[in-house]
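Reviewing the structure listed below.
Chain letters run A, B, ... following the sequence lines, proteins first and then strands; every chain starts at 1. Computed from a prediction, not measured in an experiment: that's the story for all the values here.
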Number of protein chains: 2
Amino acid sequence: MVKKEEETCIDKRQRILEAAERSFGLFGYKATTMDQVAKLAGVAKGTIYTFFKNKEELFNEIIDGLITSMRKRAEMAIHEEDSFFDNLHRALYDILDFRREHQLTLKLSQEFREIGTNNAKAALERLENMIVKFIERHLQIAVDKGEIVQVDPHLTAFIMLQLYIALIYKWEEREQPLSREEIAQLFQRYLVLGLEPRAAG
Amino acid sequence: MVKKEEETCIDKRQRILEAAERSFGLFGYKATTMDQVAKLAGVAKGTIYTFFKNKEELFNEIIDGLITSMRKRAEMAIHEEDSFFDNLHRALYDILDFRREHQLTLKLSQEFREIGTNNAKAALERLENMIVKFIERHLQIAVDKGEIVQVDPHLTAFIMLQLYIALIYKWEEREQPLSREEIAQLFQRYLVLGLEPRAAG
DNA sequence: AAAATGACTATATGACTAATTCGGTCATAA
DNA sequence: TTATGACCGAATTAGTCATATAGTCATTTT
């Protein structure tokens with residue numbers, strides 16, 4: 001009996017989260033109403049407030065989940081036996097490509113661009129921070145292993161993310177999109193080998 | 001007599017351009033009124049329309065001038081005797097640093113960010129295009145000379161500009177700004193030498 | 001008794017309208 | 001011939017007010 005009630009309770013919380021995620025993804029942060037979420041989740045509005053302090057915390061919990069799942073996704077792209085650069089390319093491309101088609105993330109980008117919603121901005125920044133931290137961690141490992149030269153991990157991670165964002169998102173605003181392989185080659189060309197000719201061999 | 005009239009005429013045109021540039025710089029494109037420009041230039045509003053077809057063309061001519069002067073500025077940073085990378089760093093840093101403190105450019109960035117004015121966006125894009133073209137030209141020369149490896153000049157120019165924008169503008173949104181020398185070293189480290197260790201010597 | 005509900009409230013939003021401002025014109029003045 | 005500024009329709013803004021929204025809480029349901 002107690003168990004059944006708990007399950008119902010957790011299930012309800014989950015249904016609210018799912019309804020909210022769908023609604024935030026469809027309409028953005030601002031245009032999502034608590035009435036809407038309640039209706040979608042099949043609960044009364046007041047019920048939402050027994051699980052979440054307010055709209056903002058409901059939203060933040062959804063972003064927490066998104067960040068966690070994206071980090072997992074990125075970590076899964078790391079294969080012990082591969083080189084740092086192969087791993088990093090796979091992880092970065094995966095995560096950014098996923099992001100490109102992820103409804104909630106897309107909607108939040110649009111919302112921030114068009115009406116500057118602060119909560120949307122903050123969520124996107126948290127996502128970016130997670131990615132930078134992720135790169136940073138793996139950079140540090142690679143530096144320690146001597147796979148790459150000594151660099152500031154934080155700054156370098158920031159640069160790498162900017163480079164990927166430029167190659168994946170910015171470039172295709174005006175030109176033909178680059179394929180996964182092309183981006184890997186460019187990453188290799190620019191950041192790994194450098195533009196100055198190397199001695200042969 | 002004829003000469004005097006011509007001079008007055010050219011001077012008037014110039015005064016209008018200067019007044020407009022000041023006003024666009026102070027208030028942005030949208031908030032600048034033709035009445036305001038006329039008053040600042042000390043002419044009647046109708047007079048502006050004897051020199052410029054409309055507000056948009058007046059604005060575009062100012063941007064033409066800005067682009068030309070920035071290109072000149074960049075070209076002046078190129079010294080025949082220096083290496084490609086020294087030259088490019090000097091030119092890019094100069095032009096972006098100038099841009100950072102240039103009232104009109106700043107105002108247009110702000111205006112586009114805050115209210116999305118299309119003319120402001122277009123002007124900033126023209127500026128960016130000029131910079132990419134500039135880098136592209138000098139990249140091609142460096143490739144021909146064998147100073148750097150064979151790369152697609154357009155894509156590489158785009159990447160270089162993005163890298164500089166990230167290092168100069170984006171980085172300092174959240175961290176301590178980087179000095180001119182630091183940026184030169186980073187440019188060298190990331191793009192010139194690459195992160196993969198090179199054989200000593 | 002505990003959990004869920006939805007009517008309720010204070011505030012925020014945005015639709016609507018009136019008034020103003022603006023870009024551009026043109027008859028008139030210099 | 002060139003310059004002017006009053007003028008015009010279109011666009012923008014300010015002000016108002018009805019509606020919608022986030023969050024609460026007395027009541028109902030389980």
Whole Å only: how far is the [atom1] atom of [X] from the [atom2] atom of [N]?
X       : N      : atom1 : atom2 : answer
A:Lys30 : D:dA22 : NZ    : C1'   : 13 Å
B:Ile48 : C:dG23 : CD1   : C1'   : 10 Å
B:Asp35 : D:dT4  : CG    : P     : 13 Å
A:Lys39 : C:dA4  : NZ    : C1'   : 19 Å
B:Phe51 : C:dG24 : CZ    : P     : 17 Å
A:Tyr49 : D:dG23 : OH    : P     : 4 Å
B:Asn54 : D:dA10 : CG    : C1'   : 15 Å
A:Met34 : D:dT24 : CE    : P     : 10 Å

Fill in: Geometric cation-pi criterion, A:Lys55 with A:Tyr29: 6.0 Å, 45°
yes
Worksheet item: At their closest point, which heavy atom of A:Ile16 faces which heavy atom of A:Ala41, and how far apart are they?
Response: CA-CB, 3.8 Å
Discussion item. For a quick check under 3.5 Å, do A:Asn129 and A:Arg126 share a side-chain donor-acceptor pair by atom type?
Written reply: no
Worksheet item: Using a distance-only test with no angle check, is there a side-chain donor-acceptor pair under 3.5 angstrom linking B:Lys107 and B:Gln110?
Response: yes
From [options], nucleotide with atom closest to [X] side chain:
X       : options              : answer
B:Ala44 : D:dT4, C:dT25, C:dA7 : D:dT4
A:Lys45 : C:dG24, C:dT5, C:dC8 : C:dC8
B:Lys55 : D:dT4, C:dA4, C:dG23 : C:dG23

Worksheet item: Below 4.0 angstrom from OP1 or OP2 of D:dT4, is there any side-chain N or O of B:Thr47?
Response: yes
Fill in: Closest-nucleotide 5' rank along DNA chain D - winner of A:Tyr29 and A:Gly46
A:Tyr29
Discussion item. Assuming nearest nucleotide by heavy-atom distance, tell me which of A:Thr33 and A:Lys53 is located more 5' along DNA chain D.
Written reply: A:Thr33
Worksheet item: Is the base of C:dA4 touched by the side chain of A:Lys12 through a donor-acceptor pair closer than 3.5 angstrom?
Response: no
Fill in: Criterion ring pair (Phe, Tyr, Trp, His ring centres under 6.0 Å) against B:Tyr164, the qualifying member of B:Tyr93, B:Tyr190, B:Phe187, B:Trp171
B:Phe187
